[in-house]
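As a basis for the values below, the full set of heavy atoms in this structure was taken, side chains included, without hydrogen atoms, waters or symmetry mates.
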Amino acid sequence: VYFIDFLIATNKDYYKFSKSIYFNFGRIDGIIYDIPKLCKQTLFEQQKLEEFYKIMNINFYTKLIIIKSLIPLIKLSKSPSIIFTTHNINIPKTYWNAYIYANTSLQILIKFLQEEYKKIIKINQIQLEYNNNDLYFKKYPGIIKKNKTNIKNLINIYIYLIKNKKINNKIIIINKNTNIYKKSDN
C-alpha cells in the first residue's frame with residue numbers, strides 16, 4: 001500500500017501511487033469521488049489565499065491529477081467506471097468563492113472526460129440539489145435536516161452505478177426527497 005498526501009504530492013508521488021496500485025491489484029474497476037469539501041462563506045476579497053488553494057486542491061486539482069495518473073489502470077478493467085459527486089452549481093452564486101470555482105472546474109472536467117472516453121469508460125455524476133447538501137444547511141442553519149439524503153443511500157447508488165454496465169454519461173440528480181432519484185441526460 002502506498003500512502004499519499006494529496007496536498008503536497010508531486011508527479012513522482014502520483015507515479016508511485018499508480019504503480020503501487022498496479023502491482024497490488026493489476027487494474028482499477030472503479031473510482032468514486034465523494035462529496036467535496038466546503039469552505040467558509042466570505043466575500044471574494046476576504047477569501048484567504050491559503051483557504052482558496054486548499055479548497056481548489058482538494059476539490060479539483062487532486063481529482064484531475066488522480067484521474068490522469070489512473071486512466072491507464074482503469075482502462076484495463078472489463079467494465080471501468082468513474083463516478084463524481086458534485087453539487088448544483090447554480091445556487092448559491094455568491095460567498096462560496098473557492099468552492100464554487102472548484103465545483104465549476106470539476107463540472108467542465110467531467111464533460112471533457114465523458115466526451116473523450118465515452119466508448120471506453122463509464123463516467124457518471126451524482127449531483128446533490130442545493131437543498132439536499134451541507135452547503136444549504138450551512139447557509140440556513142435553522143432548517144430541519146430530516147429530508148437530507150442518508151449517506152447509505154448514496155453508497156447504494158455508487159455501487160449500482162459501478163455494477164451497471166449500461167448507465168453512462170449521466171447526471172443522477174438526488175433531490176430533497178431521499179427516495180426520489182431523477183436521471184437527466186447530459
Side-chain angles (χ1 to χ4, degrees), residues 1-38 53-87 89 98-99 101-128 132-134 149-174 178 181-186:
V1 178
Y2 183 80
F3 295 98
I4 187 168
D5 182 346
F6 295 114
L7 290 177
I8 60 170
T10 64
N11 283 338
K12 192 175 188 179
D13 294 318
Y14 286 106
Y15 174 76
K16 288 179 183 177
F17 174 64
S18 61
K19 188 176 175 181
S20 174
I21 292 172
Y22 177 74
F23 285 121
N24 284 293
F25 304 103
R27 70 175 192 281
I28 295 175
D29 292 321
I31 299 172
I32 298 172
Y33 288 112
D34 64 357
I35 299 167
K37 181 172 176 49
L38 297 175
Y53 176 76
K54 182 178 178 183
I55 294 298
M56 287 297 291
N57 197 19
I58 291 169
N59 290 346
F60 177 66
Y61 294 123
T62 56
K63 290 177 171 89
L64 174 108
I65 295 166
I66 290 169
I67 289 284
K68 186 176 180 338
S69 62
L70 297 182
I71 285 280
L73 297 179
I74 201 160
K75 286 168 59 177
L76 297 173
S77 175
K78 291 179 183 175
S79 182
S81 180
I82 301 172
I83 303 168
F84 293 90
T85 307
T86 63
H87 289 129
I89 60 171
Y99 175 79
Y101 307 141
N103 204 35
T104 303
S105 300
L106 187 59
Q107 296 282 346
I108 294 166
L109 173 65
I110 293 166
K111 287 182 182 185
F112 285 150
L113 292 172
Q114 285 174 328
E115 184 61 32
E116 191 168 337
Y117 295 100
K118 65 183 169 189
K119 295 186 186 216
I120 304 168
I121 302 169
K122 297 180 306 176
I123 300 173
N124 293 297
Q125 179 183 167
I126 292 176
Q127 188 178 85
L128 301 174
N132 189 21
N133 62 55
D134 288 336
T149 297
N150 186 320
I151 192 67
K152 289 179 184 174
N153 290 343
L154 286 177
I155 291 168
N156 290 334
I157 295 168
Y158 291 138
I159 292 168
Y160 176 77
L161 289 173
I162 289 282
K163 290 182 177 180
N164 189 302
K165 294 182 181 186
K166 294 181 182 180
I167 298 177
N168 190 14
N169 289 354
K170 302 285 184 204
I171 297 173
I172 313 300
I173 300 172
I174 300 177
T178 58
Y181 304 102
K182 299 183 287 183
K183 291 182 188 175
S184 79
D185 293 324
N186 277 351

Does Thr62 reach the main-chain N or O of Ile58 with its side chain, forming a donor-acceptor pair under 3.5 Å?
yes
Roughly how far apart are Tyr53 OH and Tyr61 OH, rounded to 0.5 Å?
8.5 Å
Please tell me if the side chains of Leu70 and Phe17 come closer than 4.5 Å, counting only heavy atoms from C-beta onward.
yes
If you count the non-hydrogen atoms of other residues, nucleotides and ligands that lie under 6.0 Å from OH in Tyr14, is the total more than 12?
yes
Is a donor from one side chain sitting under 3.5 angstrom from an acceptor on the other, for Gln125 and Gln107?
yes
Keeping to residues at least two apart or across chains, list the side chain to side chain donor-acceptor pair (under 3.5 Å) pairs with something in residues 67-80.
Asp29-Ser77
Keeping Thr104 on the side-chain end and Tyr101 on the backbone end, is there a donor-acceptor pair under 3.5 Å?
no
To the nearest 0.5 Å, what is the distance between CG (Leu73) and CD1 (Ile28)?
5.0 Å
Roughly how far, to the nearest 0.5 Å, is the NZ atom of Lys63 from the CG atom of Leu106?
6.0 Å
Can you tell me how far apart CD1 (Ile71) and OG (Ser18) are? Round to the nearest 0.5 Å.
12.0 Å
Determine whether Ile67 and Leu113 make a side-chain contact, defined as any pair of heavy atoms from C-beta on separated by less than 4.5 Å.
yes
For Lys54, is there any backbone N or O sitting under 3.5 Å from a side-chain donor or acceptor partner on Asn57?
no
Side chains of Gln127 and Ile172: closer than 4.5 Å at any heavy-atom pair?
no
Does CG in Asp5 sit with more than 12 non-hydrogen atoms of other residues, nucleotides or ligands closer than 6.0 Å?
yes
Heavy atoms, side chains only, cut-off 4.5 Å: are Tyr158 and Thr85 in contact?
yes
Any Met56 side-chain heavy atom under 4.5 Å of Ser105 side chain:
yes
Note, Ile66 side chain near Tyr33 side chain (heavy atom, < 4.5 Å):
yes
Show your working on side chain to side chain contact (heavy atoms under 4.5 Å, CB included) between Ile31 and Phe84 and close with a plain yes or no.
CA-CA 8 Å; Ile31 299 172; Phe84 293 90; over 6 Å; no
Give me the atom names and distance for the closest heavy-atom approach of Leu76 to Tyr22.
CD1-CE1, 4.1 Å
Do any side-chain atoms of residues 117-124 form donor-acceptor pairs under 3.5 angstrom with protein atoms, and if so which ones, sequence neighbours left out?
{"from": "Lys118", "atom 1": "NZ", "to": "Glu115", "atom 2": "OE2", "distance (Å)": "3.1"}
{"from": "Lys122", "atom 1": "NZ", "to": "Leu161", "atom 2": "O", "distance (Å)": "3.2"}
{"from": "Lys122", "atom 1": "NZ", "to": "Ile162", "atom 2": "O", "distance (Å)": "3.0"}
{"from": "Lys122", "atom 1": "NZ", "to": "Asn164", "atom 2": "O", "distance (Å)": "2.5"}
{"from": "Asn124", "atom 1": "OD1", "to": "Asn169", "atom 2": "N", "distance (Å)": "3.2"}
{"from": "Asn124", "atom 1": "OD1", "to": "Lys170", "atom 2": "N", "distance (Å)": "3.0"}
{"from": "Asn124", "atom 1": "ND2", "to": "Ile167", "atom 2": "O", "distance (Å)": "3.0"}

Minimum side-chain heavy-atom gap Ile126-Thr86 below 4.5 Å
no
